[in-house]
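Structure record follows, encoded as structure tokens.
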Protein chains: 2
Amino acid sequence: MATIDDVAKSAGVSKSTVSNVFSQKRPISKEISERVLEAARELNYKPNYWARSLANKETRIIGLNMEGDKVKFGQFRMTLLNGVLKECYNQGYRLLVNTLPKHFTNRLENWSSDPVDGEILLDPMVRDPRIEERVAGGIPIVVIGRPPESHESTVSYVSSDNVGAGRLVTEYLIGLGHRNILFLNAPEYRTVSHERFDGYRKALEMAELPVESSLVVYRDKVFGSSEEYGYIMAKRLLSENPSITAIITDTDKVACGVYQAAEELKLVIPRDLSVFAFSLETSYGTQLQPPVSSMRLNGELLGSEAAKMLLNLCASKTPIIKRVIIPWELIHRESCGPVKVVQ
Amino acid sequence: MATIDDVAKSAGVSKSTVSNVFSQKRPISKEISERVLEAARELNYKPNYWARSLANKETRIIGLNMEGDKVKFGQFRMTLLNGVLKECYNQGYRLLVNTLPKHFTNRLENWSSDPVDGEILLDPMVRDPRIEERVAGGIPIVVIGRPPESHESTVSYVSSDNVGAGRLVTEYLIGLGHRNILFLNAPEYRTVSHERFDGYRKALEMAELPVESSLVVYRDKVFGSSEEYGYIMAKRLLSENPSITAIITDTDKVACGVYQAAEELKLVIPRDLSVFAFSLETSYGTQLQPPVSSMRLNGELLGSEAAKMLLNLCASKTPIIKRVIIPWELIHRESCGPVKVVQ
DNA sequence: CTGTTAGCGCCTTCAG
DNA sequence: CTGAAGGCGCTAACAG
């Protein structure tokens, strides 16, 4: 690969002239400029990205950091990704998907700074070392979802109103006459599960209903898949506690497990059991019989807003903490109905 | 941000010692090593990724390059992405999604090498400058899909058997009695549309049926969306030529437009019209009434195989051209049926 | 096992 | 408008 020196020599000019022909940072006479370009073309020269980044101290790359080792996109993350990409596209940035497993980054020889100007963090956790590291290193970040309380006022983020969502759903089910609503929540270490629980709790309190701790379950690591989580917990809890008439799940995959459990227990949805899923990760949501009611989260907007904020942060260097809440919408399908009247 | 020099000074050793403590490229005594690590921790030092890349001539980043300016993931691309990510994860590589619009890269000041060790190219075109550039620059690439003929034997690729798929689908429809099968193909500049057409043609020839050029349409740029393409072309051609009893489409989005046209023309699917879609990009495929028959393409395997090949290429430096064909599966749903018997 | 000296390829002063 | 010299932060080759 030809370097700037080769081109300079070949065109009979100095390195800095070549550099400026490309960077356009200072005017170069048309003749010389063309001579340089011609030489570059012949040598198949392109400025080296890393060398340029090193000197410029900027990469024009932003990172997308997904929590955990499972780096896998579902429906929701995909729309989110599309939003981020759209904004990258608009502003001439590239996107780096961070996929390094911990057992890799933990090794000393792989320990290094990240090759990005800033990062978008997904799925914030109640204790999130990712945030602390980046704050310490002065790397601009934007979180998608609510950051842990310790950083809520120091970190920019874009999120849905998860408390409101949890509350609305619960109120909706209460309105249908449900009194024992099982909540198959996301893992406890994620902030979102607490937000949704807060909403759930508020709705129950407003309705003067008790909050049974046995009805609130957080996903545990023991479950190999979301379906398994939904299936096992639904089967167990519905058997133990037949008064449960509605289940709120984290995703449609969990709901899928719930459906299976319901079928085995001869419970008909929505006649005997109402089911609601917060987010749709697959096409299960609409394929299930009956299709499961859910939230529409507008991932694309979450993504593009996050990217916009991050790129502003990268550019301005006067870090302005912002918070953006993206509205959701409750989608009524056919999985929730009035509670069965006991005869 | 602290540099290697700061750490060296603070620990009272030389730069190269610090370097080697981190890179582990040569043994450093335990005492010194710990002293260095201690100093690094205090200064919050991390090796600079770009500087390291520059010296090492490797980034441990691979690129995912999508043709065109539309950088957007649908269902199929997402599974493909997941496959790529899985392999990146296994081998400690990061993934860079290339999203730079042409009007950006065309500007001289943005012209530069790509910050990756190698690249996966999606949606190869009949004339594909991306391939030529990278071959000229000596950047390892793997194409997903069949490369243009000019490079078929010089470039590694992983693909589905699109000719076979086109053929099988067409034979299937012929077997159902269809004789006038409209093919709403992908854009002509993409190699995949030619492969599928080849299969379509072969099937017709085997059945000794004529290949009507008016029944083979390539998507044109004038269409703003896939749905529009399907809708407009189906409406026009079904009106002009009522003998058409089956339509093969590129994706479920195109099929969605076809469904709408059929409805307006009072054609019932599959009674009056059979519809088949090659790939499923959205949840339309299964949500449409009736659900549309399609190919299951195994995007995850395509992606992971491509990544595996690329990482091999990056490592070995003795470029071995490989070709991998990933099998597909025909999924029968309810959109194809026997041709209506004329009474 | 550790230190010294050159680069990697580009950009950025500062002279001219 | 152009050239020369030095630096970005790290690694590599060669001494010791």
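Since the model is a prediction, treat every value here as computed from it, not as a measurement.
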How would you label the contact of [X] with the nucleic acid (heavy atoms, under 4.0 Å): base, sugar-phosphate, or nothing?
X	value
A:K15	base
B:V18	nothing
A:F22	nothing
A:K57	sugar-phosphate
A:K30	nothing
A:S16	base

Assess, by modelled atom type and distance only, whether the side chains of [X] and [Y] contain a donor and an acceptor separated by less than 3.5 Å.
X	Y	result
A:T105	A:N110	no
B:S16	B:S19	no
A:S113	B:N48	no
B:Y93	B:E87	no

Given [options], the nucleotide with the shortest approach to the side chain of [X]:
X	options	answer
B:T17	C:dC8, D:dC10, C:dG3	C:dG3
B:A51	D:dG3, C:dC1, D:dC10	D:dC10
A:I32	D:dT2, D:dC10, D:dA13	D:dT2

Within the structure, does a side-chain N or O atom of [X] lie under 4.0 Å from either OP1 or OP2 of [N]?
X	N	value
A:S53	C:dC10	no
A:S14	D:dG3	yes
B:Y45	D:dC10	yes

Rounded to whole angstrom units, what separation is found between the [atom1] atom of [X] and the [atom2] atom of [N]?
X	N	atom1	atom2	result
B:R52	D:dT11	CZ	P	5 Å
A:W50	C:dG9	CH2	C1'	10 Å
B:N20	D:dT11	CG	P	8 Å
A:E58	C:dT12	CD	P	10 Å
A:N48	C:dG7	CG	P	18 Å
B:Q24	D:dT11	CD	C1'	15 Å
B:N56	D:dT11	CG	P	6 Å
B:E31	C:dT2	CD	P	8 Å

Can you measure from NZ (A:K86) to CG (A:L81) and round to the nearest 0.5 angstrom? 13.0 Å

Do A:Y45 and A:F22 have their ring centres less than 6.0 Å from each other? yes

Between B:R26 and A:K25, name the one whose nearest nucleotide on DNA chain C is closer to the 5' end. B:R26

